[in-house]
Amino acid sequence: MDRDQHITQDAAEFYAVYLMAKTAEEMGVAILPHSKELWQEFVDYLAIAHRDWAISDFGSRYPAYKANADAQVPAFVQRLAVAFPGSKFAFEVDEARLRNLGKKADFILTIDEPSRTYAVSLKNYVGPGGVKRPQVSSGTFLSFAAGFVFERNGVGTYVDPRTPDTSFKGSNTKDRDAVLAFEGRADLAPLLMKLVDLQQHVRSRLLTLRYYDQAAVKGVVAEIVPQAQDTLLSVFDVLGHDVVRQKFLERANLDGGEDALYFDGLQFADSITNPRFRELYARINDPNTTFKVVKAGQSLRFSFEANGAVVVSADVPLTINTNGAWHRPKPPYQGKQLKVDKGVPVELEWGEIRPRKSKEIATSTNLYLDLAAAGVFGGS
DNA sequence: CTGTCAATAGTGACGTGGTT
DNA sequence: AACCACGTCACTATTGACAG
């Protein structure tokens, strides 16, 4: 994704929240008229130093983000008004603060009566099908496991139970092991260390390649994935079924702690007004619903089932993120090209290793939630 | 040709170690 | 002791590959 698209995407969150407030005002269901302030936040975001975008750039460079918001956001507010008759609403962008707290939400919805707030994750998909199978979390092998073992309170950081109100980084082996020892769970330490070792192995095997070699990467993937699957399943065995289930629900944004507003140009699913989402939450928590984790190809598959049918499932493919280690833009080129590698200009052939960025090769996990199969869109 | 599974590259946060 | 440059880690939405 290029820079313009990234800016458009971030700006689209401000725009969507502005549009919510504007719609609420027009419908007479705004707690306070505050769309002007939200519009200003949107404009400020576009105009921020060294960016200098005009409002028209937002709608022209990657038009789908604005078009999707225009198509879906007013209808969301209308659904709110139906779901909470007589209530009024307010909206605020709070993405950065919430993300740094390890939350997924992008904006806060306030309802006056009954008085409460909702932290909502907004996903505005441009590509086809994304909304049907949203990616709700990602990380490295270690951070994926650590999310089940520890209490997450930020990106890659966790609550340190040894001292109140402090955090530790999951990547810090000394702290990680000390926390586990403190909690009497030292049996988890070698399992987490194994995941660290797999990442070290990936680096030592791939950093020697001057040119990108897909077969070599796939070879290393094939080596590490079965080990990672077994290690993660061992972690889950030690933690126990109930802990894994609860942590999975948190991670998949299915525990009810935060809400969702996912849409593309054609489809939407929001967890606040959609009864199918409510039914999904209810079925997940039904005592007759079972939860399991199994290996499925390169993935771990998490699934809830009732009466022999899948209620909801999620796949977590385990792979390597080469993280831009080799410079191979499209289309390929002949000769050498100047590339700024972590701030340092270097002359590179197509497919040649970037001296600095290559240090960031890492193990990789993504959690894809099969929302379409869960029936929240009205099909299947 | 499409759906499914997998892989990608840029980026922000944070820690660390060097320099004044 | 404060600052800052730099490296590492983790995270996201999108694109790619390939089977059927």
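The model shown is predicted, which means the values in this text are computed figures rather than measured ones. Proteins get letters first, then strands, A, B, ... in listed order; numbering begins at 1 in each. Side chains are part of it too, since the values below use all heavy atoms of this structure and drop only hydrogens, waters and symmetry mates.
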query: Given atom CZ of Arg176(A) and atom C1' of dC9(C), what is their separation to the nearest angstrom?
result: 13 Å

- prompt: NA contact type, Val126(A), heavy-atom cut-off 4.0 Å: base, sugar-phosphate, or nothing?
  reply: sugar-phosphate

query: Quick one: on DNA chain B, does Lys342(A) or Ala296(A) contact a more 5' nucleotide (nearest heavy atom)?
result: Ala296(A)

query: To the nearest Å, how far apart are Asp341(A) CG and dC6(C) P?
result: 13 Å

Arg162(A) bridged to Asp175(A) by N-O distance under 4.0 Å: yes

query: With a 4.0 Å cut-off on heavy atoms, is Asn366(A) in touch with a base, just the backbone sugar-phosphate, or nothing at all?
result: base

- request: Counting heavy atoms from C-beta on, name the nucleotide in dA10(C), dT14(C), dG10(B) closest to the side chain of Arg354(A).
  value: dG10(B)

field: Separation of dA10(C) C1' from Ile361(A) CD1 (nearest whole Å)
entry: 16 Å

query: Do Tyr212(A) and dA9(B) share a donor-acceptor pair, side chain to base, under 3.5 Å?
result: no

First of Tyr158(A) and Lys218(A) reached from the 5' end of DNA chain C, by closest nucleotide: Tyr158(A)

- prompt: So, does the side chain of Lys357(A) form a donor-acceptor pair with the base of dT8(C) at under 3.5 Å?
  reply: no

field: d(CZ, Arg328(A); C1', dG16(C)) in whole Å
entry: 10 Å

message: Rounding to an integer number of Å, can you tell me how far Asp370(A) CG sits from dC5(B) C1'?
response: 12 Å

task: Find out whether His34(A) and Phe91(A) are in side-chain contact, i.e. whether some heavy atom of one side chain is under 4.5 Å from a heavy atom of the other.
output: yes

query: Think Lys123(A) has a side-chain N or O under 4.0 angstrom from the OP1 or OP2 of dA13(C)?
result: yes

message: Less than 4.0 angstrom between a side-chain N/O of Ser137(A) and OP1 or OP2 of dC11(C), yes or no?
response: no

Earlier contact from the 5' end, DNA chain C, for Tyr368(A) and Lys359(A): Lys359(A)

query: According to a strict under-4.0 Å criterion, is Ser364(A) in side-chain N/O contact with OP1 or OP2 of dT8(B)?
result: no

- prompt: With respect to the side chain of Thr322(A), which nucleotide from dA10(C), dT8(B), dA7(B) is positioned closest?
  reply: dT8(B)

Side-chain N or O of Ser143(A) closer than 4.0 Å to phosphate OP1/OP2 of dC11(C): yes

message: If you assign each of Asn323(A) and Gln298(A) to its closest nucleotide in DNA chain B, which residue comes earlier from the 5' end?
response: Gln298(A)

- prompt: Would you say Arg301(A) reaches dT4(B)'s phosphate, i.e. side-chain N/O to OP1/OP2 under 4.0 Å?
  reply: no

message: Just N and O in the side chain of Lys339(A): are any of them under 4.0 Å from OP1 or OP2 of dG10(B)?
response: yes

- prompt: Taking OP1 and OP2 of dC9(C), is either one under 4.0 Å from a side-chain nitrogen or oxygen of Thr140(A)?
  reply: no

task: For the residue pair Ser313(A) and Asp370(A), confirm or rule out a side-chain donor-acceptor distance under 3.5 Å.
output: no

query: More than 12 heavy atoms of other residues, nucleotides or ligands under 6.0 Å from NZ of Lys88(A): is that the case?
result: no

task: Answer yes or no: is there a side-chain heavy-atom contact under 4.5 Å between Ile284(A) and Val312(A)?
output: yes

message: Donor-acceptor pair, distance only, cut-off 3.5 Å: does the side chain of Glu360(A) make one with the backbone of Ala325(A)?
response: no

query: Considering only dT8(C), dA7(B), dC11(C), which nucleotide approaches the side chain of Gln135(A) most closely?
result: dA7(B)

Protein-nucleotide distance (Glu360(A), atom CD; dG10(B), atom P), rounded to Å: 10 Å

- prompt: Atom NZ of Lys174(A) and atom C1' of dT16(B): how far apart are they, to the nearest Å?
  reply: 14 Å

- prompt: Out of dC5(B), dT14(C), dC9(C), which nucleotide sits closest to the side chain of Arg133(A)?
  reply: dC5(B)

message: When you measure from the side-chain N and O atoms of Arg356(A) to the phosphate of dC6(C), is any distance below 4.0 Å, counting only OP1 and OP2?
response: no

message: So, under a plain 3.5 Å distance rule, would you say the side chain of Gln9(A) forms a donor-acceptor pair with the base of dA13(C)?
response: no

- line: From the candidates dA10(C), dA13(C), dG10(B), the one with an atom nearest any side-chain atom of Asn321(A) is dG10(B)

query: Quick one: does Glu25(A)'s side chain have a donor or acceptor within less than 3.5 Å of a partner on Ser35(A)'s backbone?
result: yes

field: Nucleotide nearest Pro317(A) (side chain, heavy atoms from C-beta), chosen from dT14(C), dA10(C), dA6(B)
entry: dA6(B)

query: Which nucleotide in the set dC11(C), dA7(B), dG15(B) lies at the smallest distance from any side-chain heavy atom of Lys169(A)?
result: dG15(B)

field: N or O in side chain of Gln199(A) less than 4.0 angstrom from dT8(C) OP1/OP2
entry: no

